[in-house]
Amino acid sequence: MNPRPKSIARRITLLVLAFAAFGCGSDKTVSPPGTSGTLNVLGEGIVPERYTAEIYVRGNYAYTTTWGFRDAPGNAVKIWDVSGNTPALVDSVIVPGASTLGDIQTSDDGQLLIVATELSPGSIAIYSLANPVKPQLVSRYSTALTDPGVHTAEVERVNGKLYAFLCIDPASGTPARLVIVDLSDPAAPQQTFTAAMGSPYVHDVYVRDGILFTALWNQGITIWDIGGGGSGGSVSNPVALGSVVTAGGKAHNVWWYHEAATGHKRFAFVGEEGPGSIGASSSGDIHVVDVSNLASPREVAFYHLDGAGTHNFSVDETRGILYAAYYNGGVRAIDVTGDLSSCTAAERSGDGRCNLAAMGRELAHGPVGHGPVYVWGVQLLAGRVYASDMLNGIWNLDAAP
């Protein structure tokens, strides 16, 4: 769910590009397609000394991680009070031995905060949220199989039990792998499953209804039964159901869309993370995959934004709006209601996929008029859109009208 590169060499390359970007061209703006509206800015919380990475919001508090090195290393979790319009920094936690922090998420009951760490030794840090503004370390899970870094960590419950799904960086001679950890006892996490996968990365996962989606970069996505697919799979023994390679490869993240208005579970959204320079440019489309047959998924549509590329998603399933972090393109709100595979000839690309931008499905974008941005993550909560911005910190935006 993030731009953290999967090897030390690529990480250094990105940072070099970032410094070049800040020297020239970092004020480049991206024009919206069509007549896109505005996601109004309600407030901003500024982080000047570190690059801001992922965001997770629960109740009145937001938690953001930090990445790489700016004036200080990416080893801090920032804690924000978001009960008002302007996010207020109330505390921070330094994670020892980490130079980059990735995913951050609370458990579904709000009792735990889980943070992924890179570089070596890779780990997840598990905190108690008995006091949500003062996280207390419960344990640090790190093994030989979490080296050289935990790139992403998705925390989900399957058949009543809490698990963390860890995507592990590859190293020289060692392939990337998925490690699933049982968090039933957060003081003593236990490995449940592991397997090498991805080409060359397993970058992220999405878990819902006993189904596991893995984003495997140039291998596309694979769908697994881990207890809900009727194929005898379980968390300890996932059974592959189907796979598809999306156009352009670089499958970065997934969201399986459950449309509230119809109950349909037909589409999954796949993010493609192409090349970019921090603060200046990015690339990569959103790909729409028809998963009505989990054994035979197929791509039917896409969304493209000239001059910018997508990162993480948050979907308002009640209203049918996908909010996408688009790096230097800010946040984009896209209408995903109805049949996304149906469009006119003029709205269809040469390979037969529907072009959501040509269909006029972008509803709004933001923040507008606030200088260069590089939005990493986004989360919708209670009618507000919270976005983490590598350059600026955290934004509080109105939802799309």
Side-chain angles (χ1 to χ4, degrees), residues 1 29-39 206 213 215 220-221 244-262 264-274 276 282-292 297-366 368 375 377-378 380 385 387 397 399-401:
M1 293 183 180
T29 57
V30 176
S31 299
T35 56
S36 173
T38 299
L39 301 174
Y206 189 85
F213 292 77
I221 64 168
V244 63
V245 178
T246 47
K250 303 178 182 66
H252 170 276
N253 61 302
V254 184
W255 185 293
W256 184 18
Y257 174 41
H258 289 24
E259 188 173 18
T262 63
H264 292 165
K265 304 175 184 180
R266 180 180 174 187
F267 298 115
F269 306 118
V270 180
E272 170 194 356
E273 185 177 19
S282 57
S283 60
D285 295 344
I286 297 171
H287 301 267
V288 182
V289 176
D290 186 331
V291 294
S292 52
R298 60 188 182 91
E299 183 172 348
V300 296
F302 69 98
Y303 173 85
H304 172 82
L305 179 63
D306 286 335
T310 193
H311 203 224
N312 295 335
F313 307 150
S314 184
V315 181
D316 182 343
E317 296 188 332
T318 299
R319 300 176 66 208
I321 301 173
L322 184 154
Y323 293 91
Y326 248 90
Y327 282 140
N328 53 303
V331 178
R332 302 282 154 163
I334 303 164
D335 175 6
V336 291
T337 58
D339 185 356
L340 303 179
S341 68
S342 177
C343 57
T344 66
E347 297 165 345
R348 196 177 298 277
S349 65
D351 60 8
R353 297 176 297 154
C354 288
N355 182 338
L356 302 187
M359 295 167 71
R361 283 183 172 264
E362 181 174 308
L363 301 173
H365 68 288
V368 176
V375 176
V378 61
L380 172 76
V385 178
L397 309 171

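Note: hydrogens, waters and symmetry copies are ignored here, and every other heavy atom, side chains too, is used. Bear in mind the structure is a predicted one, so any value in this text is a computation, not a measurement.
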Ala387 to Val331 - nearest heavy-atom pair and separation:
CB-CG2, 3.8 Å
Hey, what do you get for CD (Glu299) to OG (Ser341), rounding to the nearest 0.5 Å?
12.0 Å
With the side chain counted from C-beta on, respond yes when Leu340 and Arg361 share a heavy-atom pair under 4.5 Å apart, and no when they do not.
yes
Are Tyr257 and Phe269 an aromatic pair by the rule of ring centers under 6.0 Å?
yes
Quick one: does any side-chain atom of Tyr323 pair with a main-chain N or O of Ala399 as donor and acceptor, under 3.5 Å?
no
Judged by atom type as modelled, is there a donor-acceptor pair below 3.5 Å linking the side chain of Glu317 to the main-chain atoms of Glu259?
no
Arg348: salt bridge (Lys or Arg N to Asp or Glu O under 4.0 Å) partners, not counting sequence neighbours:
none
Do His252 and His311 make a side-chain contact, defined as non-hydrogen atoms from C-beta onward lying under 4.5 Å apart?
yes
Check: Ala308 main-chain N/O paired with Ser282 side-chain donor or acceptor under 3.5 Å:
no
Just wondering, do Asp290 and Arg266 contact through their side chains at under 4.5 Å, heavy atoms?
yes
To the nearest 0.5 Å, how far apart are CG in Asp316 and OG1 in Thr337?
11.5 Å
Minimum side-chain heavy-atom gap Asn355-Glu347 below 4.5 Å
no
Between Ile221 and Ala215, what is the shortest heavy-atom contact and its length?
CG2-CA, 4.3 Å
Can you tell me if Glu273 uses its side chain to pair, donor with acceptor, with the backbone of Gly309 under 3.5 Å?
no
Below 30° counts as parallel, above 60° as perpendicular, anything between as tilted: where do the rings of Tyr303 and Tyr326 land?
perpendicular
Are Ile334 and Ile321 packed together at the side-chain level, in the sense that at least one heavy-atom pair is separated by less than 4.5 angstrom?
no
Using 0.5 Å steps for rounding, measure from the CG atom of Leu305 to the OG atom of Ser283.
11.0 Å
Identify the two heavy atoms, one from Phe313 and one from Ala324, that lie closest to each other, and give their separation to 0.1 Å.
CD2-CB, 4.0 Å
Check Ala251 against Gly220 and note the closest heavy-atom contact, atom names and distance.
CB-O, 3.6 Å
Residues Arg353, Val300; criterion side chain to side chain contact (heavy atoms under 4.5 Å, CB included); working and verdict:
CA-CA 5 Å; Arg353 297 176 297 154; Val300 296; over 6 Å; no
Exactly one of Val270, Val336, Thr246, Leu322 clears side-chain contact (heavy atoms from CB on, under 4.5 Å) with Ile286, and that residue is Leu322
Restricting to non-hydrogen atoms, name the atom on Gly366 and the atom on Leu39 that form the minimum distance, rounded to 0.1 Å.
N-CD1, 3.9 Å
Enumerate the residue pairs fulfilling disulfide (SG to SG under 2.5 Å) with a member in residues 314-351, sequence neighbours excluded, ordered by first and then second residue.
Cys343-Cys354
Would you please indicate if the ring centroids of Phe302 and His287 are separated by under 6.0 Å?
no
Examine distances only and state if a side-chain atom of Arg319 and a backbone atom of Asp335 form a donor-acceptor pair shorter than 3.5 Å.
no
Quick check: closest heavy atoms across Gly377 and Ala325, and the distance to 0.1 Å?
N-CB, 3.9 Å
Please identify each residue that fulfils ring-ring contact (aromatic ring centres under 6.0 Å, His included) with Tyr206, with sequence neighbours left out.
Trp255
